[in-house]
Amino acid sequence: MQKILIVEDEQTISRILSVYLKKSGYSIEQAFTGQEAFDKFDEQIFQLVLLDVMLPDYDGWHILKEIRAKSATPVIMLTALGDVQYRLSGLKGGADDYISKPFVADEVVARVQAVLRRSVGTLNSEDSQYFGNLKLDFKSHTVTLNGVSVELTRRDLSLLFFLAQHPNQTFTRDQLIDQVWGIDYEGSDRAVDLSVKRLRRALENWNTDEGEIKTLRGLGYQFCVYTTS
């Protein structure tokens, strides 16, 4: 069961969200302050965080920054601040989605489901997979190569995990945009090429006898695997 952390100081809102998400099959933890959110996030594994911007101690931007420093866990921001600049700040800071208050609880559930579908959180959170000396840990959202941690952006990590979940399958740019960036993405599909380029650079010491991210001209990209364990 996927676990969601709701960080919201208004208990009525937190309770309503909790009820609706539980009905949809999610396990829920609640935090009512920033410090409580930090403590729970460090103690447990969550597949998604619903994060209010206005909290009594730390603000949501600060919490988002701390989460992004250690994890690619999807984050949806909740706030009464409707200005587009606040939305852009959240998305640029690493948020996966942004919902303005007041909102309909059913819409929040739908947004949660959409984000989880395209995120690394859709992977089995109990598994790690080795591809030769490349280790992908779907629980901690980490990558190690030859025993050394590989630092990736949240988006690049999501792309790598999605491709690795479907080894030796070919995906077009449009398919990868839909699965990783989301169907509402309005940028260029060149973002896929740039992400693959960064992944190849980060994994340049991965033995090509074990695997590679391959370009199939005119078709798309493939996570080719020659060795697994």
* To do: Using the six-membered ring wherever Trp is involved, compare the ring planes of Tyr58 and His62 and label them parallel, tilted or perpendicular (cut-offs 30° and 60°).
  => parallel

* Asked: Angle class for the Phe131/Phe223 ring planes (parallel below 30°, perpendicular above 60°, tilted otherwise)?
  -> perpendicular

* To do: State which residues pass ring-ring contact (aromatic ring centres under 6.0 Å, His included) with Tyr20; sequence neighbours excluded, sorted by chain then number.
  => none

In terms of hydrophobic clusters joined by side-chain contacts under 4.5 Å, are [X] and [Y] together?
X: Leu64; Y: Met54; answer: yes
X: Phe32; Y: Leu21; answer: no
X: Phe103; Y: Val112; answer: yes
X: Val108; Y: Val19; answer: no

Between atom [atom1] of [X] and atom [atom2] of [Y], what is the distance when rounded to the nearest 0.5 Å?
X: Leu48; Y: Arg111; atom1: CG; atom2: CZ; answer: 12.5 Å
X: Thr170; Y: Gln175; atom1: OG1; atom2: CD; answer: 9.0 Å
X: Gln2; Y: Phe46; atom1: CD; atom2: CZ; answer: 13.0 Å
X: Thr79; Y: Leu51; atom1: OG1; atom2: CG; answer: 9.5 Å
X: Asn133; Y: Asn205; atom1: CG; atom2: CG; answer: 10.5 Å
X: Asp178; Y: Arg173; atom1: CG; atom2: CZ; answer: 14.0 Å

State whether the side chain of [X] and the backbone N or O of [Y] hold a donor-acceptor pair below 3.5 Å, judged by distance alone.
X: His141; Y: Asp137; answer: no
X: Asn146; Y: Val148; answer: no
X: Arg68; Y: Thr153; answer: no
X: Gln129; Y: Leu136; answer: no

Side chains of [X] and [Y] in contact at under 4.5 Å (non-hydrogen atoms):
X: Phe171; Y: His166; result: yes
X: Thr215; Y: Tyr221; result: yes
X: Trp181; Y: Val192; result: yes
X: Leu17; Y: Leu78; result: yes
X: Val7; Y: Glu36; result: no
X: Lys40; Y: Leu5; result: yes
X: Leu160; Y: Leu203; result: yes
X: Ile4; Y: Val49; result: no

* To do: Before giving the answer on side chain to side chain contact (heavy atoms under 4.5 Å, CB included), spell out for Gln222 and Asn168 the whole-Å C-alpha distance, their side-chain angles and the decisive distance to 0.1 Å.
  => CA-CA 6 Å; Gln222 184 181 106; Asn168 301 317; 4.3 Å; yes

* Should Ile76 and Tyr98 be marked as a side chain to side chain contact (heavy atoms under 4.5 Å, CB included) after you check the CA-CA gap, both sets of side-chain angles, and the distance that decides it? -> CA-CA 6 Å; Ile76 298 178; Tyr98 182 106; over 6 Å; no

Taking all non-hydrogen atoms of both residues, which atom of [X] and which atom of [Y] are closest, and how far apart?
X: Pro74; Y: Asp96; value: CA-OD1, 3.2 Å
X: Glu29; Y: Lys3; value: CG-CD, 4.2 Å
X: Gln30; Y: Ser14; value: NE2-OG, 2.7 Å
X: Val180; Y: Ser158; value: CG1-CB, 3.8 Å
X: Pro167; Y: Val225; value: CB-CG2, 3.7 Å

* To do: For the pair Leu163 and Leu176, evaluate side chain to side chain contact (heavy atoms under 4.5 Å, CB included) and give the outcome as yes or no after the intermediate values.
  => CA-CA 9 Å; Leu163 288 171; Leu176 293 173; 3.9 Å; yes

* Judged by modelled atom types alone, do Arg190 and Ser195 share a side-chain donor-acceptor pair under 3.5 Å? -> no

* Verify the distance criterion only: is there a donor paired with an acceptor across the side chains of Ser149 and Glu151 at less than 3.5 Å? => yes

* Asked: After noting the C-alpha distance and the side-chain angles of Arg15 and Glu10, does the key distance pass the salt bridge (charged side-chain N to carboxylate O under 4.0 Å, His left out) rule?
  -> CA-CA 9 Å; Arg15 184 170 61 252; Glu10 295 187 44; over 6 Å; no

* In a check of salt bridge (Lys or Arg N to Asp or Glu O under 4.0 Å) between Asp156 and each of Arg201, Lys197, Arg198, Arg200, which one passes? -> Arg198

* Trace of the side chain to side chain contact (heavy atoms under 4.5 Å, CB included) decision for Phe161 with Val143 -> CA-CA 10 Å; Phe161 278 14; Val143 177; 3.8 Å; yes

